[in-house]
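Data first, discussion second: the structure below is written as structure tokens.
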Amino acid sequence: MKRLVVPLGLLAVGALLAAALVSPWYWAAAVPLLLAAVVAVHDLVQRRHSVLRNYPLLGHLRFALEALRPELQQYFIERNFDGRPFDRDTRNIVYERAKGTAAEEPFGTELDLYRAGSEYLTLSMAPRAVPDEPPRVRIGGPDCEQPYDMALLNVSAMSFGSLSANAVLALNTGARLGGFAHDTGEGGLSEYHLRPGGDLVWEIGTGYFGCRTDDGGFDERQFAEKAAHEQVKCVSLKISQGAKPGIGGVLPAAKVNAEIAQVRGVPQGETVISPPFHRVYSTPRELVRFLGRMRELAGGKPVGFKLCVGSRREFLAVCKAMLAEGTAPDFIIVDGAEGGTGAAPLEFADNVGLPLGEGLMTVHNALVGVGLRDRIRIGAGGKVATGSDLVKRLLQGADYTNAARAMMFAVGCIQAQRCHTNTCPVGVATQDERRGRAVDVEDKSRRVHRFQQATVKSALQIMASMGVDHPSGLRPHMLLQRVDPHTVRSYAELHEWLTPGQLLASVPDTWAADWQAADPDRFTH
């Protein structure tokens with residue numbers, strides 16, 4: 001039968017053409033039918049899609065519905081509280097706060113508060129007044145000569161290249177208006193980060209973009225020159241990130257235009273590979289020494305590193321290296337495996353690395369246990385979008401928080417999840433200049449400012465209702481979790497919390513194996 005398809009198709013095409021020649025009025029019907037016949041013939045003879053071979057023409061409906069599935073799911077099917085990665089309630093609260101409108105809902109919660117895993121912040125019978133000014137976090141240990149006062153909520157790492165020029169401009173302008181910090185991401189220090197005048201945390205990744213030698217190594221001279229910029233307040237070495245922990249990245253040659261090449265310090269029109277590992281260190285001790293060298297080159301500005309926590313044993317090895325070398329970073333940013341703006345293989349996004357809560361508690365307890373917590377500040381990044389998110393992260397061990405996707409929502413992101421395709425429908429995550437024009441810098445920067453301001457205010461209001469007027473008053477017993485339908489436990493009961501210097505004096509049994517195996521001269525788990 002299939003052998004007759006092409007001859008019959010050609011015969012049908014011929015018949016349609018003959019009919020059209022008889023009367024031009026036949027063209028109105030002939031042209032669509034002709035196109036349908038051609039498509040049907042192609043579907044039957046092509047070998048790539050089995051659906052089309054068995055269901056010519058009709059099979060295309062399947063691919064059309066598949067393409068529309070995310071939008072249909074988001075706008076017509078999902079409930080307010082069960083969407084992923086961010087549900088509609090969370091997206092709406094960001095949008096409303098960014099616009100400056102009331103972010104309130106009537107008639108009570110839609111959540112099932114008896115579901116296992118539900119968390120509750122404890123309410124005090126003696127609430128406090130909300131502080132007039134939000135507190136800031138002093139970053140800078142004893143080796144730091146230019147400490148920086150960090151806001152409770154800041155812009156997390158997103159590179160120019162992954163975000164459009166206008167999106168970066170809006171984020172940095174918002175940071176300047178609100179007095180909070182903007183992490184550059186690992187894509188280099190661009191003019192769009194610098195032009196508005198907002199405070200910057202300059203992130204250095206494995207590609208060393210912006211301070212890169214011709215063979216892809218770390219260039220101390222370039223680094224020192226750019227780290228001296230007045231807007232660069234802190235420098236961060238990216239070890240891994242939650243979106244794609246443990247793997248590098250590839251920037252295709254087609255995306256390496258003249259501007260990207262100049263910012264990143266790479267040849268134009270050539271594929272750029274960021275390896276999964278750093279050249280500047282291979283052991284915990286070398287990492288700690290390099291961080292100290294970065295601080296020297298940066299003129300004593302705060303220096304830290306970012307990681308998605310995987311092995312507690314490896315982090316303890318870094319702690320031992322800090323003790324042995326007599327120096328330590330000024331801050332550590334913990335990224336959660338909840339992922340972020342970077343596209344990643346599904347297996348990594350779903351299975352590799354610790355979620356933010358566990359990662360935070362691991363880092364916090366390790367630093368407390370070795371007696372270094374008072375000199376190292378901890379930042380937290382991973383789905384921080386609301387005041388309650390911020391408070392929970394502070395309770396779990398953070399000093400301050402960073403947000404990436406929530407800041408993208410404030411700039412106009414609609415969670416289309418096309419960040420890696422260069423076809424972002426709102427111009428946020430794209431290098432297409434036509435699409436990028438959709439981001440009005442003046443309007444969106446005010447939205448970023450309002451969102452940050454309102455979210456920090458919400459966090460302070462929540463803390464005040466808990467009887468706390470400063471983040472330092474938060475304690476693990478103030479966060480409860482439902483273990484099963486009949487049992488609720490506090491974080492103080494559910495998790496182990498070390499006392500200052502406990503790992504150096506009397507190692508608890510639960511930490512003994514990891515502490516014993518941790519080696520400052522090698523990474524092993």
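Numbering of residues begins at 1 and proceeds along the displayed sequence. The figures that follow rest on heavy atoms only: side chains count, while hydrogens, waters and symmetry mates do not.
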| request: Please answer whether the main-chain N or O of M478 pairs with a side-chain N or O of T122 as donor and acceptor at a distance below 3.5 Å. | output: yes
Show every donor-acceptor pair shorter than 3.5 Å between a side-chain atom in residues 373-380 and any protein atom, with sequence neighbours excluded, or say none if there are none.
unit_1, atom_1, unit_2, atom_2, d
R373, NE, H364, ND1, 3.0
R373, NH1, I376, O, 2.8
R373, NH1, D399, OD2, 3.0
R373, NH2, G397, O, 2.8
R373, NH2, D399, OD1, 3.4
R373, NH2, D399, OD2, 2.9
R375, NH2, D143, OD2, 3.3
R377, NE, R138, O, 3.2
R377, NH1, D374, O, 3.1

| task | Inspect the contact between D149 and R136 and indicate whether a charged nitrogen and a carboxylate oxygen are less than 4.0 angstrom apart. | result | no
| Spacing of S236 atom OG and D183 atom CG [to the nearest 0.5 Å] | 6.0 Å
| Donor-acceptor under 3.5 Å (Q146 side chain, G299 main chain) | yes
| query | Distance-only, no hydrogens or angles: does the S445 side chain make a donor-acceptor pair with backbone N or O of V441 under 3.5 Å? | reply | yes
| query | Taking side chain as C-beta onward, heavy atoms only, is V201 less than 4.5 Å from T184? | reply | no
| note | Value for CD (Q396) from CD (E358), rounded to nearest 0.5 Å, stands at 7.5 Å
| field | Verdict with reasoning, E496 to L498, per side chain to side chain contact (heavy atoms under 4.5 Å, CB included) | value | CA-CA 7 Å; E496 186 175 19; L498 300 185; 4.2 Å; yes
| field | Distance-minimising heavy-atom pair for C319 and L372 | value | O-CD1, 4.4 Å
| request: For atom CD of E433, decide whether the heavy atoms of other residues, nucleotides or ligands shown that lie under 6.0 angstrom number more than 12. | output: no
| Do you know the tightest heavy-atom contact between S124 and A126? | OG-N, 2.9 Å
| field | Pairwise side-chain contact, F209 with V263, heavy-atom cut-off 4.5 Å (strictly under) | value | no
| message | With heavy-atom distances below 4.5 Å as the criterion, would you say the side chains of L356 and K383 are in contact? | response | no
| query | Pairs in or reaching into residues 368-416: which pass ring-ring contact (aromatic ring centres under 6.0 Å, His included), with residues at least two apart or in two chains? | reply | F86-F409, Y95-F409
| remark: In terms of heavy-atom contacts, M322 and A328 come closest through SD-CB, 4.0 Å
| remark: Scanning both residues in full, the closest heavy-atom pair of P135 with L460 reads CD-CD2, 3.8 Å
| request: Using atom types as modelled and distance alone, determine if a side-chain donor or acceptor of Q452 lies under 3.5 Å from a backbone N or O of L153. | output: yes
| request: Tell me whether the centres of the aromatic rings in H278 and Y208 are closer together than 6.0 Å. | output: yes
| request: Report yes or no: does T173 contribute a side-chain atom to a donor-acceptor pair with the main-chain N or O of A170 at less than 3.5 Å? | output: no
| field | Pairwise side-chain contact, L307 with D335, heavy-atom cut-off 4.5 Å (strictly under) | value | no
| message | Within this structure, what is the OG1-CD1 distance for the pair T401 and I333, rounded to the nearest 0.5 Å? | response | 11.0 Å
| Taking only residues two or more places apart in sequence, or in another chain, which ones meet K301 in a salt bridge (Lys or Arg N to Asp or Glu O under 4.0 Å)? | none
| query | Any idea which heavy atoms bring A298 and V235 closest together, and the distance? | reply | CB-CG2, 4.4 Å
| request: Just jot down the side chain to side chain donor-acceptor pair (under 3.5 Å) partners of N166, sequence neighbours excluded, or say none. | output: none
| request: Heavy atoms only: give me the nearest C144-D330 pair and the separation to one decimal. | output: CB-OD1, 3.4 Å
| Tell me, which pairs form a ring-ring contact (aromatic ring centres under 6.0 Å, His included) where one or both residues lie in residues 120-165, sequence neighbours left out? | F160-Y192
| task | Keeping to residues at least two apart or across chains, list the side-chain hydrogen bond (donor to acceptor under 3.5 Å, both in side chains) pairs with something in residues 224-233. | result | R221-E225
| query | Quick check: does any side chain N or O of S164 sit under 3.5 Å from a backbone N or O of G427, one acting as donor and the other as acceptor? | reply | yes
| Are V391 and M463 side-chain neighbours, meaning at least one heavy-atom pair lies under 4.5 Å? | yes
| message | Applying the side-chain contact (heavy atoms from CB on, under 4.5 Å) criterion to T206, which one of S240, P276, S274 satisfies it? | response | S274
| What residues form a salt bridge (Lys or Arg N to Asp or Glu O under 4.0 Å) with D219, not counting sequence neighbours? | none
| message | Working to the nearest 0.5 angstrom, can you tell me the gap between M150 CE and I139 CD1? | response | 3.5 Å
| Pairing of D443 and R447 as salt bridge, 4.0 angstrom limit | yes
| said: I'd like to check the side chain to side chain donor-acceptor pair (under 3.5 Å) partners of Q262; sequence neighbours left out, ordered by chain and number. | reply: none
| query | For the side chain of W497 and the backbone of H495, is there at least one donor-acceptor N/O pair under 3.5 Å apart? | reply | yes
| message | With heavy-atom distances below 4.5 Å as the criterion, would you say the side chains of S490 and P476 are in contact? | response | no
| Between W202 and F223, how do the two ring planes meet: parallel, tilted or perpendicular, split at 30° and 60°? | parallel
| So does E442 pair up with R446, basic N to acidic O under 4.0 Å? | yes
| request: Kindly compute the distance separating CZ (R97) from NZ (K457), expressed to the nearest 0.5 Å. | output: 10.0 Å
| request: State whether the side chain of T90 and the backbone N or O of A385 hold a donor-acceptor pair below 3.5 Å, judged by distance alone. | output: no
| task | Ignoring hydrogens and angles, state whether a donor on the side chain of H182 or N172 is under 3.5 Å from an acceptor on the partner side chain. | result | yes
| remark: By salt bridge (Lys or Arg N to Asp or Glu O under 4.0 Å), D440 pairs with (sequence neighbours left out) none
| If you measure only the distance, is there a donor-acceptor pair under 3.5 Å linking the side chains of T327 and R289? | no
| field | All side chain to side chain donor-acceptor pair (under 3.5 Å) counterparts of S465, not counting sequence neighbours | value | none
| said: With a 3.5 Å distance limit and no angle check, can you tell me whether N402 reaches the backbone of A157 through a side-chain donor-acceptor pair? | reply: no
| query | Do M407 and F451 have side chains that get closer than 4.5 Å, going by heavy atoms? | reply | yes
| said: K306: which residues meet the side chain to side chain donor-acceptor pair (under 3.5 Å) condition with it, sequence neighbours left out? | reply: E203
| query | Can you list the residues that meet the salt bridge (Lys or Arg N to Asp or Glu O under 4.0 Å) rule with E296, with sequence neighbours excluded? | reply | R293
| said: Would you say R450 and Q453 are linked by a side-chain donor-acceptor pair, where the criterion is simply a distance under 3.5 Å? | reply: no
| task | Could you tell me the separation between the OG atom of S388 and the CG atom of L479, rounded to the nearest 0.5 Å? | result | 10.5 Å
| said: When you compare the side chain of L200 with that of L189, does any pair of heavy atoms fall below 4.5 Å? | reply: yes
| message | Using modelled atom types and a 3.5 Å cut-off, is there a donor and acceptor pairing between side-chain atoms of T386 and backbone atoms of D389? | response | yes
